[in-house]
Amino acid sequence: MGIGGSANAQDAVCHGSKPIFSSPVKLEAIASKLRRHEPVRILAIGSSSTEGIGASSPAFSYPAQLQANLIQAWKGPVTVENAGKGGETIIETIGRLEAALKAKKPDLVIWQVGTNDAVKGGDEAGFSTLLRQGIDAAQALGVEVILVDQQYYPAIKDLGRYERFVSLVGATAATEQVPVFSRYKLMKAWSERSADILGSMLSSDGFHMGDRGYDCLAQLIADGLHYPMAVSEIAPGMAATVAAQP
């Protein structure tokens with residue numbers, strides 16, 4: 001459970017539309033570190049959804065809750081660094097990402113990306129180029145990358161344009177062979193079930209997630225990271241095969 005200790009992330013609303021990662025998450029290097037009882041460092045980078053805007057306190061941001069969930073699941077020392085900065089577009093985040101990779105190589109990067117680029121009128125081709133650049137910079141150092149795509153919210157003004165940016169995240173990730181956690185599909189499914197359900201996951205501004213939404217996000221990401229870790233302990237080489245099964 002998240003830092004708040006509530007059952008929100010465990011309820012049927014959160015898990016009823018549980019998304020799968022677009023491809024199996026490969027954590028062999030992290031599994032090896034945990035078997036050696038070595039600390040694991042995860043860099044969570046992005047904009048306001050990573051920083052935790054909309055949460056009642058920093059303790060309820062998704063990186064803080066993800067850290068608590070992974071410590072419990074992995075039974076080892078895990079640090080999730082919150083490198084979120086509200087309002088950023090990809091051109092601003094890419095510089096911070098590359099600097100962070102050089103300063104202290106993490107074991108995993110979770111990159112929440114694309115909302116502000118879609119909202120603020122960013123260039124689609126330029127967005128894809130920078131997204132590939134960031135992924136390549138991490139992979140060149142042997143760092144695993146997971147992307148978290150855009151949020152869904154009721155007041156999207158240009159849905160066609162917005163969803164093109166969502167698709168760009170998925171298409172670029174497929175080309176670069178990195179998994180995507182589709183927050184957009186998750187939140188849109190909440191909305192399709194009930195406006196009240198989506199509203200309960202959002203903060204009062206109707207745009208950012210609130211405590212409950214961040215709790216769900218953290219738990220669902222942790223579930224996706226824990227399952228490949230668990231099956232990798234069963235037999236070497238089986239993780240990808242088992243994790244890919246429905």
Side-chain angles (χ1 to χ4, degrees), residues 2-3 21-23 25-34 36 38-53 55 58-74 76-117 127 130-151 169 172-173 176-183 209 214 217-226 228-229:
I3 289 220
F21 283 88
S22 61
S23 59
V25 180
K26 299 176 182 178
L27 298 174
E28 287 86 352
I30 289 179
S32 295
K33 292 192 75 170
L34 290 171
R36 297 191 299 268
E38 295 176 0
V40 172
R41 180 173 169 267
I42 297 172
L43 177 67
I45 195 165
S47 54
S48 56
S49 293
T50 300
E51 183 180 352
I53 302 300
F60 288 95
S61 68
Y62 104 77
Q65 298 198 70
L66 178 62
Q67 176 175 296
N69 292 332
L70 291 179
I71 289 172
Q72 182 180 41
W74 291 355
V78 183
T79 299
V80 180
E81 177 185 347
N82 187 334
K85 190 173 181 181
E88 278 194 340
T89 58
I90 194 169
I91 188 64
E92 298 160 311
T93 307
I94 192 74
R96 293 196 303 114
L97 172 60
E98 291 178 336
L101 289 167
K102 292 176 182 177
K104 187 177 181 182
K105 187 179 79 170
D107 299 293
L108 172 68
V109 168
I110 303 177
W111 188 2
Q112 168 259 316
V113 65
T115 296
N116 291 321
D117 296 273
F127 174 79
L130 289 170
L131 188 55
R132 288 194 301 271
Q133 179 181 326
I135 294 169
D136 290 346
Q139 291 179 333
L141 296 173
V143 177
E144 298 285 351
V145 178
I146 293 170
L147 300 180
V148 177
D149 69 10
Q150 294 88 337
Q151 73 247 50
V169 175
T172 304
E176 297 287 308
Q177 298 183 327
V178 300
V180 178
F181 179 93
S182 185
R183 184 169 54 137
M209 285 181 158
Y214 287 132
L217 179 62
Q219 182 61 49
L220 292 170
I221 291 175
D223 286 352
L225 300 185
H226 182 224
M229 288 288 295

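These values consider heavy atoms only, across backbone and side chains, with no hydrogens, waters or symmetry-generated copies.
- In this structure the side chain of Leu131 reaches within 4.5 angstrom of the side chain of Val113, judged on heavy atoms.
- Counting only heavy atoms from C-beta outward, the side chains of Val148 and Val180 never approach each other to under 4.5 Å.
- Taking the side chain to side chain donor-acceptor pair (under 3.5 Å) definition, one finds that Asp117 meets it with nothing, sequence neighbours left out.
- Scored by the salt bridge (Lys or Arg N to Asp or Glu O under 4.0 Å) test, Glu92 finds no partners at all (sequence neighbours excluded).
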Under 3.5 Å, which donor-acceptor pairs do the side chains of residues 135-144 form with other protein atoms, sequence neighbours left out?
{"residue": "Gln139", "atom": "NE2", "partner": "Glu176", "partner atom": "O", "Å": "3.3"}

Go through the steps for Phe21 and Phe181 under the test ring-ring contact (aromatic ring centres under 6.0 Å, His included), then give the verdict. CA-CA 5 Å; Phe21 283 88; Phe181 179 93; 5.6 Å; yes

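- In terms of heavy-atom proximity, Val40 sits nearest to Trp74 at CG1-CZ3, 4.1 Å.
- Side-chain atoms of Ile221 and Ile146, non-hydrogen and from C-beta on, never get closer than 4.5 Å to each other.
- Contact check for Met209 versus Ser49: no side-chain heavy atoms found under the 4.5 Å cut-off.
- A search for side chain to side chain donor-acceptor pair (under 3.5 Å) contacts involving Gln177 returns nothing, not counting sequence neighbours.
- In this structure, Ile110 and Tyr62 have side chains that are in contact, with non-hydrogen atoms separated by less than 4.5 Å.
- In this structure, the side chains of Thr172 and Phe127 stay at 4.5 Å or more apart for every pair of heavy atoms.
- Under the salt bridge (charged side-chain N to carboxylate O under 4.0 Å, His left out) criterion, the residue pairs touching residues 94-103 are Glu88-Arg96, with sequence neighbours excluded.
- Salt bridge annotation for Lys26-Glu28: absent, with no cationic side-chain nitrogen under 4.0 angstrom from a carboxylate oxygen.
- Here Arg132 pairs with nothing under the salt bridge (Lys or Arg N to Asp or Glu O under 4.0 Å) rule; sequence neighbours left out.
- Considering only heavy atoms from C-beta on, Arg183 comes within 4.5 Å of Gln112 through its side chain.
- For Leu43 against Ala100, the heavy-atom pair with the smallest separation is CD2-CB, 3.8 Å.
- Checked against side-chain contact (heavy atoms from CB on, under 4.5 Å), Glu51 has the following partners two or more places apart in sequence or in another chain: Ile53.
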Stepwise side-chain hydrogen bond (donor to acceptor under 3.5 Å, both in side chains) check, Gln219 with Asp223: CA-CA 6 Å; Gln219 182 61 49; Asp223 286 352; 2.7 Å; yes

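- In this structure Asn116 satisfies the side-chain contact (heavy atoms from CB on, under 4.5 Å) test together with Ser47, Thr89, Lys120, sequence neighbours excluded.
- Taking the side chain to side chain donor-acceptor pair (under 3.5 Å) definition, one finds that Ser48 meets it with His208, sequence neighbours left out.
- For Ser61, the side-chain contact (heavy atoms from CB on, under 4.5 Å) criterion is met by Pro63, Ala64, Asn82, not counting sequence neighbours.
- Contact annotation: the side chain of Leu27 approaches that of Leu225 to within less than 4.5 Å [non-hydrogen atoms, C-beta and beyond].
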